[in-house]
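The shown structure was predicted, so the numbers you read here are calculated from the model rather than taken from an experiment. Naming: A, B, ... by sequence-line order, numbering from 1 per chain.
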Amino acid sequence: MLIYNTLSRLKEEFRPLNPPFVTMYMCGPTVYDYFHIGNSRSFIMSDIVRNYLVYKGFKVKFVMNLTDIEDKIIKKSIEKNIPAEEVSQFYTDAFFEDINKLKVKKADIYPKATAHIQEMIELILLLEKKGIAYNVNGDVYYDVKNFDSYGKLSGKKIDELESGARVDVDERKNNSLDFSLWKKAKQSEPSWDSPWGKGRPGWHIECSAMSTKHLGETIDIHAGGNDLIFPHHENEIAQSEGANEKEFVKYWMHFGFLNIQNEKMSKSLGNFFTARDVLARHSVEAIRLFFCQTHYGGPLNFSDELLTAAQKGVDKIINLAERLDNDINKAEVNGSTPIFVFNKFYSDFETVMDDDFNTPQAAAVIFDFVRAANKIIDENPNSCKTFLINLKEFLKKTADEVLGVIHLEDLNKRVSPSLETELINLILNLREDLKKEKNYKLADEVRNKLNELGLIVHDSKTGAVVKRK
RNA sequence: GGCGCUGUACCCAAGUGGCUUAAGGGGAAGCUCUGCAAAAGCUUUAUUCGUCGGUUCGAAUCCGACCGGCGCCUCCA
């Protein structure tokens, strides 16, 4: 199995430190606002990576941090005149709501920055002891010149970065690239006691401290968006490897941006839709298939039209699943067992997913399977139950449990009986009688009236099928 | 200025030296089914991969030049 490692810029054979265990850390949200649909791409793609590792038999421990103390949270708390904890708690709740709707599986642990202040302080002390951190009147900085391999992840060289730096140079720093480990408290800001006085942690230190605490000094996979490569992940390496003198991460994975009209979707540009907005217009399945149909590392343009197109693809898979459910109920136990190349479809799926999670190809395998399955059902109307169950099992294992582009359990929920469905069936049965009497005028009128009520009636060989608009 | 990504059919998009004279989805067209309509299924749909040169028995895939799009270097998934 190959994974593209940002560190080496190569696809590398995946060899976790202690197989079958895999440790995976994903940079989570700063809880200062609802996350946008671009952020969802990273959450969903990391979910798929994790699901596939589980499919392959790995025991994955997945950690996602919650940054609950940070400039933007403080800014919002001042604007709204409410405590910072209230801001972060509100958006943490919203985060979990949205992530559930996106069918992203829960992480094993969601460590919060504010619950790990002590660990961060200890890490900074260690860096200070090693001479790669320095204190300037209560502000503690990381000294990049004292970490030899600074820049190895982003491919940057310290000298070049300095000359191209766009930010105003902070006179107190030794080097303009030095970054905050500990920020001295300003008035009315949340703060914690520390050996350097009251203050709060810098942004990067939390990931180093929390990934070490929950996953160990060296972790297998660390993932996040492309924009985190520099400076965030570069700084994490500097902190963790500077302190522990051990390799921090074996495989760095980065996800491409979601663009709008070829521009990166971002809060600062204002060209974004929140995940909850998009979920109000499109299904999770359409969103997930849309993301799957392009490789995780490249850019992807967002538009409602593309999501609508993805929905059609989802429907195609769901139609087969529903057809199978229907046939499984009717099928004979001792029917025929057609010859079908299950192994080929499973091995094709694995081959492409093994190649750096090629989800577009994986989706292609699923669509090929859908076509082949429809064909074989057409050609073998008397297939046995087991055969049909095996067909459904393929969809469950791949499209549902790994990619999450369909959710079979939700389909089952849809057919629960109620008075409403009983009444609809009654009307449809009466309409069948009208059709038998060739009273098409009245039959069509019934169909039109139902349509006005939001129910679409499709006649088929086995009787009318009704769908909600 | 530095580093990196990218340009494949009407749209989205995979493929990075021969298995591909290029997957898959959407769209379009045809067929099957059918009282009609719709739905669904099946079939078809790029001799061609930004442009121009080069390497090679062989290139969308490697090299060079050029044209276009984007990202990071400041908070950002």
Side-chain angles (χ1 to χ4, degrees), chain A residues 6 9 26-30 32 35-46 70-72 75 151 154-157 159-168 176-177 203 223-232 234 254-259 261-269 272 289-290 292-295 297-301 303 305-317 319-320 322-323 348 352 355 358-368 370-371 373-375 377-379 435 438-441 443-444 447-448 451 456-461 464-467:
Chain A
T6 309
R9 314 249 169 214
M26 167 79 188
C27 281
T30 300
Y32 75 106
F35 66 86
H36 63 63
I37 191 67
N39 304 124
S40 317
R41 187 179 181 198
S42 291
F43 298 142
I44 287 173
M45 294 321 289
S46 66
E70 202 263 348
D71 291 357
K72 291 190 288 288
K75 192 176 162 221
S154 52
K156 296 177 190 302
K157 295 185 178 65
D159 300 343
E160 286 167 1
L161 277 165
E162 282 181 276
S163 57
R166 279 193 267 153
V167 243
D168 294 334
S176 63
L177 289 170
W203 174 39
N226 258 330
D227 46 4
L228 297 182
I229 296 173
F230 191 89
H232 185 54
E234 193 68 74
H254 290 96
F255 305 113
F257 299 130
L258 191 63
N259 294 340
Q261 286 161 345
N262 281 328
E263 276 198 324
K264 178 184 172 183
M265 181 185 288
S266 76
K267 290 270 171 64
S268 42
L269 288 171
F272 66 92
L289 180 63
F290 171 61
C292 280
Q293 284 186 302
T294 183
H295 186 75
L300 172 62
N301 263 309
S303 79
E305 289 70 30
L306 291 170
L307 278 177
T308 305
Q311 181 65 52
K312 296 270 175 64
V314 170
D315 290 343
K316 209 165 171 170
I317 307 170
N319 282 333
L320 173 63
E322 286 181 332
R323 182 181 189 187
D348 282 356
V352 299
D355 183 12
N358 192 330
T359 53
Q361 289 285 11
V365 170
I366 289 167
F367 284 113
D368 283 340
V370 169
R371 194 179 319 109
N374 274 315
K375 241 174 159 171
I377 302 168
D378 284 343
E379 290 162 4
K435 281 170 67 187
K438 297 206 186 292
N439 189 347
Y440 295 122
K441 199 182 164 204
D444 287 352
R447 185 169 60 192
N448 289 339
N451 194 302
I456 306 165
V457 179
H458 301 306
D459 288 327
S460 79
K461 223 172 188 176
V465 177
V466 70
K467 274 191 177 170

To the nearest Å, how far apart are [X] [atom1] and [N] [atom2]?
X      : N     : atom1 : atom2 : answer
A/L258 : B/G71 : CG    : P     : 13 Å
A/K156 : B/C5  : NZ    : P     : 12 Å
A/E263 : B/G69 : CD    : C1'   : 11 Å
A/D348 : B/C19 : CG    : P     : 17 Å
A/L269 : B/C70 : CG    : P     : 12 Å
A/N226 : B/C72 : CG    : P     : 9 Å
A/E234 : B/G4  : CD    : P     : 14 Å
A/I229 : B/C5  : CD1   : P     : 10 Å

Would you mind classifying the nucleic acid contact of [X] as base, sugar-phosphate or nothing, using non-hydrogen atoms under 4.0 angstrom?
X      : result
A/G224 : sugar-phosphate
A/M45  : nothing
A/F367 : sugar-phosphate
A/G256 : base
A/A309 : sugar-phosphate
A/P231 : sugar-phosphate

Mind telling me whether A/H36 and A/F272 have parallel, tilted or perpendicular rings, with 30° and 60° as the class edges? tilted

Taking pairing as Watson-Crick or G-U wobble with both contacts under 3.5 Å, can you name the mate of [N], or confirm there isn't one?
N     : answer
B/A14 : none
B/C62 : B/G54
B/C19 : none
B/C42 : B/G30
B/C5  : B/G69
B/U47 : none

For a quick test of reading the model, state the closest non-hydrogen atom pair linking [X] to [Y] and the distance between them.
X      : Y      : value
A/V365 : A/D348 : CG2-CB, 3.9 Å
A/N226 : A/G256 : ND2-CA, 3.5 Å
A/F43  : A/C27  : CE2-O, 4.3 Å
A/N301 : A/F290 : O-CZ, 3.2 Å
A/K264 : A/N259 : CA-OD1, 3.3 Å

Hey, what are the protein-to-nucleotides 27-32 of chain B N/O distances that come in under 3.5 Å?
residue: B/G27; atom: OP1; partner: A/K312; partner atom: NZ; Å: 3.0

Is A/K312 salt-bridged to A/D315, cutoff N-O under 4.0 Å? no

One thing to verify: whether A/R371 and A/D368 come together as a salt bridge, which I'm taking to mean a side-chain N less than 4.0 angstrom from a carboxylate O. yes

Per atom distances to the A/N358 side chain, the nearest of B/A23, B/C73, B/A14 is B/A14

Heavy-atom protein contacts under 4.0 Å, nucleotides 34-45 of chain B, coded B base, S sugar-phosphate only, - none: -BBBBSSSSS--

Rounded [atom1] spacing from [N] to [M] in Å:
N     : M     : atom1 : result
B/C19 : B/U55 : P     : 23 Å
B/A13 : B/G50 : P     : 14 Å
B/U45 : B/A22 : C1'   : 14 Å
B/U34 : B/G26 : C1'   : 26 Å
B/C49 : B/A59 : C1'   : 11 Å
B/C10 : B/C67 : P     : 26 Å
B/G24 : B/C57 : P     : 33 Å
B/C5  : B/G64 : P     : 13 Å

Candidate list A/F257, A/F255, A/F35, test side chain to side chain contact (heavy atoms under 4.5 Å, CB included), partner A/S42, passing option: A/F255

For B/C73, take OP1 and OP2 only and decide whether either is under 4.0 Å from a side-chain N or O of A/K157. no

Rounded distance [0.5 Å steps], CG in A/L228 versus CE in A/M26: 8.0 Å

One should read off an interatomic distance between A/R323 CZ and A/D378 CG, to the nearest 0.5 angstrom, of 4.5 Å

Given 3.5 Å as the limit, does a donor-acceptor pair link the side chain of A/N358 with the main chain of A/Q361, or not? yes

Quick one: do the A/S154 and A/E234 side chains pair a donor with an acceptor below 3.5 Å? yes

Polar pairs (N or O, both sides) under 3.5 Å between protein and nucleotides 10-13 of chain B?
residue: B/A13; atom: O3'; partner: A/T294; partner atom: OG1; Å: 3.3
residue: B/A13; atom: O2'; partner: A/Q293; partner atom: O; Å: 3.3

Comparing A/S268 with A/Q261, nearest RNA chain B nucleotide closer to 5' gives the residue A/Q261

5'-most by nearest nucleotide on RNA chain B - A/R9 or A/V365: A/R9

Quick check: do A/R41 and A/T294 have side-chain heavy atoms less than 4.5 Å from each other? yes

Is A/M45 close to A/T359 at the side-chain level, that is, under 4.5 Å between some pair of heavy atoms? yes

